[in-house]
Amino acid sequence: MILDSAIFPPVSYFALLENFNNALIECNSNYERQSYRNRYIIAGANGELSLPIPVIKPNGSKTKMKDVLVSYDTPWNSIHWKSIVSAYNSSPFFQYYNIEIENIFNKKWKYLIDLNLESVNTISENLGLHINLSLTEEFRPNGEYSDDFRGVIHPKRDSLADHIFTHRPYRQVFDQKNGFIQNLSILDLLFNKGPGSVLVLKNSINIRKKQ
């Protein structure tokens with residue numbers, strides 16, 4: 001299976017990881033704006049809250065994902081963490097996972113790809129998921145990989161749900177006000193369901209194809 005790189009990716013992304021176990025992460029394609037590569041979405045008191053990470057593209061539009069730099073011209077990391085605390089401080093499992101998540105924001109990252117990988121690995125470890133991630137060595141077009149999910153999981157389109165992914169509702173902090181908001185960042189599921197997140201992930205994918 002191959003996936004785009006993503007920061008604290010949505011539930012559907014992790015449902016695929018739980019199902020397949022082994023995944024290639026695309027890092028040699030050109031960077032795409034307004035994707036989950038540099039943003040994640042949580043549930044705040046007023047609904048969806050998109051948290052983008054400012055980046056630097058040394059080669060402009062031709063910059064490969066692996067070469068994208070994280071910008072610290074603004075204190076985005078402290079802003080993000082305050083937003084997460086505000087959204088999930090009252091969630092059932094925030095106290096169990098908050099320190100490890102906060103540590104990611106306290107570190108100064110050079111490359112976006114490294115930050116993204118750390119976010120995925122940290123969540124996987126906390127949920128007890130045994131996932132092996134590796135990076136692509138070169139770019140290969142669609143059709144050259146089996147189980148190619150590049151470009152499928154995107155903030156502006158939800159094509160995965162048209163095929164193998166089913167949104168499984170769970171209790172969220174502000175659901176009485178906003179209703180259930182589907183396919184948020186894995187952080188939302190982690191803080192609200194804790195160890196029970198794994199069962200939600202297992203029940204969200206309509207195939208079982210361990211590799």
Within the 4.5 Å heavy-atom criterion, are [X] and [Y] side-chain neighbours or not?
X	Y	result
P54	T74	yes
I205	F20	no
Y36	P9	no
I56	S71	yes
M65	N30	no
K177	N46	yes
V70	I53	yes
F105	W76	yes

Measure across [X] and [Y] and return the closest heavy-atom pair with its distance rounded to 0.1 Å.
X	Y	value
F165	A15	CE1-CB, 3.9 Å
S83	L49	CB-CD2, 4.0 Å
A6	N116	O-CB, 3.3 Å
G179	Q172	O-OE1, 3.9 Å
R168	S204	CG-OG, 3.5 Å
F14	S124	CE2-OG, 3.5 Å

Query - Counterpart residues, side chain to side chain contact (heavy atoms under 4.5 Å, CB included), relative to K108 (two or more places apart) - result: Y72
**Report entry** Set of side chain to side chain contact (heavy atoms under 4.5 Å, CB included) partners for A87, sequence neighbours left out
**Finding:**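 Partners of A87 under the side chain to side chain contact (heavy atoms under 4.5 Å, CB included) test: I42.
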Report summary line: Residues pairing under salt bridge (charged side-chain N to carboxylate O under 4.0 Å, His left out) where one sits in residues 37-66, two or more places apart or in two chains, turn out to be D4-R37, E32-R37
If you round to the nearest 0.5 Å, how far is [atom2] of [Y] from [atom1] of [X]?
X	Y	atom1	atom2	answer
L201	L189	CG	CG	5.5 Å
L16	D147	CG	CG	9.0 Å
F191	Y97	CZ	OH	9.5 Å
Y13	S185	OH	OG	12.0 Å
K107	I104	NZ	CD1	10.0 Å
S5	N38	OG	CG	10.0 Å

Report task. Check step by step if side chain to side chain contact (heavy atoms under 4.5 Å, CB included) holds for L115 and I7. Result -> CA-CA 7 Å; L115 168 57; I7 172 75; 3.7 Å; yes
Please check if [X] and [Y] belong to a single hydrophobic cluster, counting links between Ile, Leu, Val, Met, Phe, Trp and Tyr side chain heavy atoms closer than 4.5 Å.
X	Y	value
L24	M1	no
I186	L199	no
F139	F149	no

With sequence neighbours left out, what residues match [X] under side chain to side chain donor-acceptor pair (under 3.5 Å)?
X	result
R33	none
S12	N183
N98	none
N77	none

Query - Working for side chain to side chain contact (heavy atoms under 4.5 Å, CB included), residues I123 and L190 - result: CA-CA 8 Å; I123 298 292; L190 177 74; 3.6 Å; yes
Query raised in the report: Where does the angle between the aromatic ring planes of F94 and W81 fall among parallel (under 30°), tilted (30 to 60°) and perpendicular (over 60°)?
Result: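 Answer is parallel, since the angle falls under 30°.
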Report task. Report the residue from V173, V200, D175, L187 that forms a side chain to side chain contact (heavy atoms under 4.5 Å, CB included) with N192. Result -> V173
Query - Set of ring pair (Phe, Tyr, Trp, His ring centres under 6.0 Å) partners for Y40, sequence neighbours left out - result: F8, H80
Requested in this report: State whether the side chain of D188 and the backbone N or O of L184 hold a donor-acceptor pair below 3.5 Å, judged by distance alone.
Outcome: no
Report task. Determine yes or no for a side-chain-to-main-chain donor-acceptor pair under 3.5 angstrom, with T136 supplying the side chain and C27 the backbone. Result -> yes
Query - Verdict with supporting geometry, D114 and E118, side chain to side chain contact (heavy atoms under 4.5 Å, CB included) - result: CA-CA 6 Å; D114 294 331; E118 181 66 15; over 6 Å; no
Query raised in the report: How about Y170 and F180: are their ring centroids closer than 6.0 Å?
Result: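 Yes.
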Query raised in the report: Is there a side chain to side chain contact (heavy atoms under 4.5 Å, CB included) between L117 and L135 once you walk through the steps?
Result: CA-CA 10 Å; L117 287 173; L135 300 177; 3.9 Å; yes
Please set out all donor-acceptor pairs under 3.5 angstrom arising from side-chain atoms of residues 126-133, sequence neighbours excluded.
residue : atom : partner : partner atom : Å
N126    : ND2  : E100    : OE1          : 3.4
N126    : ND2  : T122    : O            : 2.8
N132    : ND2  : N22     : OD1          : 2.8

Report task. Give the C-alpha distance, both sets of side-chain angles, the deciding distance and a yes or no for ring pair (Phe, Tyr, Trp, His ring centres under 6.0 Å) between Y88 and F93. Result -> CA-CA 9 Å; Y88 298 111; F93 294 94; over 10 Å; no
Query raised in the report: Who passes salt bridge (Lys or Arg N to Asp or Glu O under 4.0 Å) against R150, sequence neighbours left out?
Result: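 By the salt bridge (Lys or Arg N to Asp or Glu O under 4.0 Å) rule, R150 matches E26, D148.
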Query raised in the report: Looking at residues at least two apart in the chain, or sitting in another chain, which of them share a salt bridge (Lys or Arg N to Asp or Glu O under 4.0 Å) with R140?
Result: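 For R140 the salt bridge (Lys or Arg N to Asp or Glu O under 4.0 Å) partners, ignoring immediate neighbours, are E138.
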Query raised in the report: When you look at CD of Q176, are more than 12 heavy atoms from neighbouring residues, nucleotides or ligands closer to it than 6.0 Å?
Result: no
**Report entry** ILVMFWY clustering at 4.5 Å (side-chain atoms), partners of I79
**Finding:**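 Cluster partners of I79: none, it stands alone.
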